[in-house]
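Below is one structure, written out as structure tokens, with a few remarks after it.
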There are 2 protein chains.
Amino acid sequence: MNGRFSIAIHIMTLLTKAEGELLSSELIASSINANAALVRKELSNLRNNGLIISKEGAAGGYALGKDAAQIRLSDIYQAVKRQSILGQAKNLPNPACPVGRQINQHLDTLYKEVEDSLTEKLVTKTLAEFTGQFD
Amino acid sequence: MNGRFSIAIHIMTLLTKAEGELLSSELIASSINANAALVRKELSNLRNNGLIISKEGAAGGYALGKDAAQIRLSDIYQAVKRQSILGQAKNLPNPACPVGRQINQHLDTLYKEVEDSLTEKLVTKTLAEFTGQFD
DNA sequence: TTGATCTGTAATTTTATTTATTACAAATGA
DNA sequence: TCATTTGTAATAAATAAAATTACAGATCAA
């Protein structure tokens, strides 16, 4: 997990505050202070996950796909995550070692459990609650 | 968070199985299939956190610092983690934007909460329980 | 007390990942 | 028709992670 979750939450917060008015990727990128093409890539991903809608062409832009009260932070996390939260060693351990041979299987199980508890936490929080904290 | 947690758990599992016998960084590295100097660096870190002991010189090596039943996976996680689990965008958001101005503060709060729930999960698991899963 | 072995640690290089940049086709609206 | 904006790919630059190399210092055994 990298800065993508932060960026996604930032995007979703902006769209919530826009209340249905379309925002351009350029405007969003300038709030985040990140590259517009990169932001569009994340916007595409969020759209593919049903969290936002987009409209092409002049006067196009982005808006929430459903009410902020119906979006849970776990939905955003699921859209953005790519690999196990605790990271994965990329060396395959030594299969001649009893520990090396079995470690990945047990780590996988552990990581799944941990990730489940993280998701449970994020399920309890809606985007509306999060954005409601802003002045 | 990267592969360091995986490596640390792997190390601690090997030391548990060694039952007090000193293991060399070379042997540990070969089980993990990683570089020995890198492994020593993590071993130093684990020692600085009181989880293992080391002995220098010929016939030196590493062993658990306390009983595996007294070590919680959260202890290992705390020793290894460096930054927020969900990552942090490194661009500072635009302070001229109401959302950009406040987002990091609210993300920080959220990340702390999420990390707390993750830690709570890891507190419930001892190293002894984890290593007990191995054949 | 000498030599082999192993830890501790720093400096450097290599590799991988992330982010930014550039470019342009396609859609849309004025 | 032209300006604007999304969608997406290809490439480059920057950053982070891991490996490599090197060597001082500790320890043990012959």
Side-chain angles (χ1 to χ4, degrees), chain A residues 1-8 10-11 14-15 18 21-30 32-49 51-63 65 80-94, chain B residues 1-8 10-11 14-15 18 21-30 32-49 51-63 65 80-94:
Chain A
M1 174 73 42
N2 44 18
R4 283 182 62 210
F5 184 72
S6 297
I7 287 178
H10 195 142
I11 290 170
L14 287 168
L15 297 183
E21 193 188 338
L22 295 180
L23 300 184
S24 74
S25 63
E26 204 60 65
L27 183 147
I28 294 169
S30 90
I32 298 174
N33 188 26
N35 185 269
L38 187 70
V39 169
R40 283 203 291 276
K41 204 168 155 194
E42 193 58 52
L43 285 161
S44 292
N45 178 49
L46 292 169
R47 190 197 51 234
N48 293 339
N49 282 271
L51 297 174
I52 67 175
I53 57 166
S54 66
K55 192 182 168 205
E56 292 182 57
Y62 304 85
V80 147
K81 80 170 169 140
R82 56 173 57 137
Q83 59 158 30
S84 175
I85 191 71
L86 292 170
Q88 203 75 14
K90 56 218 65 170
N91 306 323
L92 11 169
N94 187 344
Chain B
M1 176 70 43
N2 42 21
R4 283 183 63 211
F5 184 71
S6 296
I7 287 177
H10 195 142
I11 290 171
L14 287 169
L15 297 183
E21 193 188 338
L22 295 180
L23 300 185
S24 72
S25 62
E26 205 60 64
L27 183 148
I28 294 169
S30 90
I32 298 175
N33 189 23
N35 183 270
L38 187 72
V39 169
R40 284 201 291 276
K41 204 169 154 193
E42 193 58 52
L43 286 161
S44 293
N45 178 49
L46 292 169
R47 190 195 52 233
N48 292 338
N49 282 271
L51 297 175
I52 67 174
I53 57 166
S54 65
K55 191 181 169 207
E56 290 182 57
Y62 304 86
V80 147
K81 79 171 170 137
R82 56 173 55 139
Q83 60 158 29
S84 176
I85 191 71
L86 292 170
Q88 203 73 18
K90 56 219 63 170
N91 306 322
L92 12 168
N94 187 346

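Because the structure is predicted, anything quoted here is derived from the model rather than measured.
- Annotation: the span from A:Ile7 atom CD1 to A:Ile32 atom CD1 amounts to 5.5 Å, rounded to 0.5 Å.
- Rounded to the nearest 0.5 Å, atoms CG (B:Leu51) and CG (B:Leu15) are 10.5 Å apart.
- The CG atom of B:Leu27 sits 16 Å away from the P atom of C:dT5 (whole-angstrom rounding).
- With rounding to whole Å, B:Arg47 atom CZ is found 14 Å from D:dA26 atom P.
- In this structure, A:Leu38 places its CG atom 14 Å from C1' of D:dA13, rounding to the nearest Å.
- Per the geometry, CG belonging to A:Leu46 stands 13 Å off P belonging to D:dT8, to the nearest Å.
- Closest to the side chain of A:Ser44, out of D:dT8, C:dC6, C:dT9, is D:dT8.
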So which protein N/O to nucleotides 24-27 of chain C N/O distances come out below 3.5 Å?
{"unit_1": "C:dA27", "atom_1": "O4'", "unit_2": "A:Glu56", "atom_2": "OE1", "d": "3.3"}

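- The phosphate of D:dT20 has OP1 or OP2 within less than 4.0 Å of a side-chain N or O from B:Asn35.
- Minimum atom distance to the side chain of A:Ser54 is reached by D:dT6, of the listed D:dT6, D:dT27, C:dG8.
- Counting heavy atoms from C-beta outward, B:Ser54 and B:Leu43 have side chains that stay 4.5 Å or more apart.
- Residues B:Asn33 and A:Pro93 share a closest heavy-atom pair of CB-CA, 4.3 Å.
- Between the P atom of D:dA18 and the CZ atom of B:Phe5 lies a distance of 15 Å, rounded to the nearest Å.
- The two residues B:Ile52 and B:Tyr62 make their nearest non-hydrogen contact at CD1-CD2, 4.0 Å.
- Between B:Tyr62 atom OH and C:dG8 atom C1' the separation is 7 Å, expressed in whole Å.
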> After noting the C-alpha distance and the side-chain angles of A:His10 and A:Leu14, does the key distance pass the side-chain contact (heavy atoms from CB on, under 4.5 Å) rule?
Replying inline: CA-CA 6 Å; A:His10 195 142; A:Leu14 287 168; 3.6 Å; yes
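- Taking atom CD1 on B:Ile53 and atom P on C:dG8, their separation rounds to 11 Å, with Å as the unit.
- Considering only the side chain of B:Ala37, C:dA10 comes nearest among C:dT7, C:dA10, C:dT21.
- Counting to the nearest Å, the C1' atom of D:dT6 and the NZ atom of A:Lys41 are 16 Å from each other.
- Looking only at distances, a side-chain donor or acceptor of B:Asn49 sits under 3.5 Å from a matching main-chain atom of B:Asn45.
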